[in-house]
Trainee: 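One structure follows; several queries about it will come next.
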2 protein chains.
Amino acid sequence: MTALSLVNNPIGGDWRRGWIVYDNIMARNRITLDDVARAAGVSAITASRALRQPAKVSERARARIFSAVQKLGYVPDAAASALASTRTSVVGLLVPSLTNAVFADFLRGVYDAIEDTSLTIQIGNFRYSPSKEESLIRTFLHQRPSGLIVAGVDQTEAARRMLMEAPCPVVQTMELSDQPVDRIIGFSQYASGEMVARHLIDAGYRRPGLLGARMDPRAQARIAGYRSGLRTVGLDDARRMITTPQPSSVGMGGQLLADLFAAAPDTDAVFCANDDLAAGALFEAQRRGLRVPESFGICGFNDLEMSRHMVPPLTSVATPRYEIGRGAIDLIRAALDPLSGEMPKRIELDAVMSARGTTRNNKNERTAR
Amino acid sequence: MTALSLVNNPIGGDWRRGWIVYDNIMARNRITLDDVARAAGVSAITASRALRQPAKVSERARARIFSAVQKLGYVPDAAASALASTRTSVVGLLVPSLTNAVFADFLRGVYDAIEDTSLTIQIGNFRYSPSKEESLIRTFLHQRPSGLIVAGVDQTEAARRMLMEAPCPVVQTMELSDQPVDRIIGFSQYASGEMVARHLIDAGYRRPGLLGARMDPRAQARIAGYRSGLRTVGLDDARRMITTPQPSSVGMGGQLLADLFAAAPDTDAVFCANDDLAAGALFEAQRRGLRVPESFGICGFNDLEMSRHMVPPLTSVATPRYEIGRGAIDLIRAALDPLSGEMPKRIELDAVMSARGTTRNNKNERTAR
DNA sequence: CTGTTAGCGCGTTCAC
DNA sequence: GTGAACGCGCTAACAG
């Protein structure tokens, strides 16, 4: 978004001038706080307080105000409130992609958590571009949000400074860190990768490889953990590590597996940085007539709904995406709530190994923070 | 969202009182239009006009104002603008589900289309509940949006009235109708279902069934078209039509296929109302050792990315979800733009039969509006 | 616990 | 083509 596009207001048209009356949804004789106050026999500010800090208003006044609100169908004007209080009820949500299936569960958690709240979500898609993420953070912050939720912990230096000085709670998600900007909820990508390495090793695979695409910081951490896990037993072999900066997809999983076999034909297992890639790898393995899991093992990541239903069911790592979405909003609400002085600022979740049919099953369930 | 929750303002906390100075993102000495005007040697209103209706300001003034905007890093205050103009730049987006993979592509189209626009998206998830959809429409309309995008054409009577009287453009999506509320973009669900019926019949299947879940109005239209297509050749058999109101998923596809075979073991093909169901059906067919497509055909709907990579590749109907998302925003922008008097109010898109390996391939590509 | 006063930053209206 | 005055609906700060 360029600076000028920001001020290039599109609301110029004169679309259906005039005012509607149906259901009191209109601007001209909209019900205002004044109307409510008058109906309740108090001043506007008292009505305002009754709605925002009920404890600070006498019970009698409060009751009359609430009933006036109901009767008149009063709905607060968010714009006026934002202008007067220098704070909107918007929570900015910065995501690297809208295509990724992981995103849907995360988003569902977020939306479930804002239900019955006056919070509102505004999504920014930065398409895995750190500079775009930075500029979106700047844009969002200009809107005086109630909170900001970002993906991961690898913002640019400038972005990180803005987040640290942001006049609202900030939540980093999907990863852990010892130096969070503010709040944080996630699981260790690195430990998850290590867990996968152990699983494959325990299952008896000795020439394990890797398939990775889009290589965002979290995928990289996962992969670093995986390779470190292999290294401790002398099984890390760079020839078997196939990655591409291109987007991740099922089709890409098939291609990368072909590349892997071209580079190292004796590879006997593969960790795919996500389930899309893993599904593509499994399909490709089937096309090649490989015996999965006996002679070739496949492990995915995220454990999407479909994974457990594939033939054979895909071994994967279940990640708490939905919980992270919910938790991120909870952290913001807690920060906004003056009563909750001692709410945690950090939530560590678990990623769980789901050993299934695409790896020799060793019946161990493992967990990574 | 209850009436009271609407006025239950969560912005009560006193989170980090004080003002930040980094990057001019702050409230106290925020750069305002006045600052810009002063720097440019004009009045505030002229600066305001220069940004919104550049043509109405002299070239000299305009140039000075723009350069002041750049130099000062002015960012308009959305709340103040909304309050003064009684119109926000928010476009409300009502979706029935956040889980559905179809949603991701649609959303991506929407977000791509608002890029370099000052429009902003606000998503409402009504979870396939018409009454919730109605209340969300009411809530959104109270916010004076720039536009509203809804899914399908089957709103409640009250919702429909609100939409017709809405003081902003409204776009119905994903389906066509002869009585649109206002703008509309989509393809015919009914014709798509008919197309699938023809495809299966042409491929030589004679005992075709159906798997459906979640049964929202669009799925129902699809299915009605399918059954009508079967009926014309005397092949519609209610025993083979298996549906459930439960959510759609890959796992559900497997279950429903089992149900279908329990009810009508000689079924030789199945239309699945979406690709998740179809993937589950294919996996289940594999588990049962059915020969697909020779003795059993499977056709999905939507043509997700993974479908073409399955083994065998899934026959499906490609739906223009991304285009619908983009087009919905385009319709709204056109409606908002006073210059575009004769922009279309209706866009008919095509759904395309993608015949692949799960049905006997008859090499005919078909298209449904 | 309640009210008064004074804006928040911008756009509309109507002059010039 | 430009500007002055006013108000959008609400809330912060203070006084009572």
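Letters A, B, ... are given to chains in the order of the sequence lines, protein chains preceding strands, and every chain is numbered from 1. All of these numbers come straight from a predicted model, not from anything done at the bench.
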Trainee: When you look at L93(A) and L107(A), which way does the side-chain contact (heavy atoms from CB on, under 4.5 Å) test go after all the steps?
Mentor: CA-CA 9 Å; L93(A) 196 63; L107(A) 200 63; 3.5 Å; yes

Trainee: Tell me which residues in residues 55-63 of chain A put a heavy atom below 4.0 Å from DNA chain C, sorted by number, or none.
Mentor: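 Those residues are V57(A), S58(A), A61(A).
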
Trainee: Have a look at the helix from dC1(C)-dG16(D) to dC16(C)-dG1(D) and give the angle its two end axes make, five pairs each, rounded to 10 degrees.
Mentor: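 Comparing the first five pairs with the last five, the axes sit 20° apart.
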
Trainee: Yes or no on side-chain contact (heavy atoms from CB on, under 4.5 Å) for Y322(A) and D112(A), after CA distance, side-chain angles and deciding distance?
Mentor: CA-CA 9 Å; Y322(A) 177 85; D112(A) 281 1; 2.5 Å; yes

Trainee: What are the residues of residues 39-49 of chain B, sorted by number, that bring a heavy atom to within less than 4.0 Å of DNA chain D?
Mentor: V42(B), S43(B), I45(B), T46(B), R49(B)

Trainee: Does a side-chain heavy-atom distance below 4.5 Å link I329(A) with I121(A)?
Mentor: yes

Trainee: As a quick check of understanding, evaluate side-chain contact (heavy atoms from CB on, under 4.5 Å) for I185(B) and L331(B), giving each step before the final call.
Mentor: CA-CA 9 Å; I185(B) 177 170; L331(B) 285 174; 4.0 Å; yes

Trainee: In whole angstrom, give the distance that lies between atom CG of L83(B) and atom C1' of dC6(D).
Mentor: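 Answer to the nearest Å: 13 Å.
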
Trainee: Would you kindly give the CG-to-P distance between L51(A) and dA12(D), to the nearest whole Å?
Mentor: 13 Å

Trainee: For D34(A), what residues pass the salt bridge (charged side-chain N to carboxylate O under 4.0 Å, His left out) criterion, not counting sequence neighbours?
Mentor: none

Trainee: Any side-chain heavy atom of E323(A) sitting closer than 4.5 Å to one from I347(A)?
Mentor: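 Side chain of E323(A) against side chain of I347(A), heavy atoms only: no contact under 4.5 Å found.
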
Trainee: Sort and list the pairs that fulfil salt bridge (Lys or Arg N to Asp or Glu O under 4.0 Å) and have at least one residue in residues 72-82 of chain A, not counting sequence neighbours.
Mentor: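 Qualifying pairs: D77(A)-R144(B).
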
Trainee: Does S81(A) have a side-chain nitrogen or oxygen under 4.0 Å from the phosphate oxygens OP1 or OP2 of dT11(D)?
Mentor: yes

Trainee: Taking the side chain as every heavy atom from C-beta outward, state whether Q172(B) and V181(B) have any atom pair closer than 4.5 Å.
Mentor: yes

Trainee: Between R52(B) and dT12(C), is there a side-chain N or O to OP1/OP2 distance below 4.0 Å?
Mentor: yes

Trainee: Rounded to whole Å, how long is the line connecting atom CG of D34(B) with atom C1' of dA5(D)?
Mentor: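 Rounded to whole Å, this separation is 14 Å.
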
Trainee: Any non-hydrogen side-chain atom of V150(A) less than 4.5 Å from a side-chain atom of F140(A)?
Mentor: no

Trainee: What residues form a salt bridge (charged side-chain N to carboxylate O under 4.0 Å, His left out) with R160(A), not counting sequence neighbours?
Mentor: none

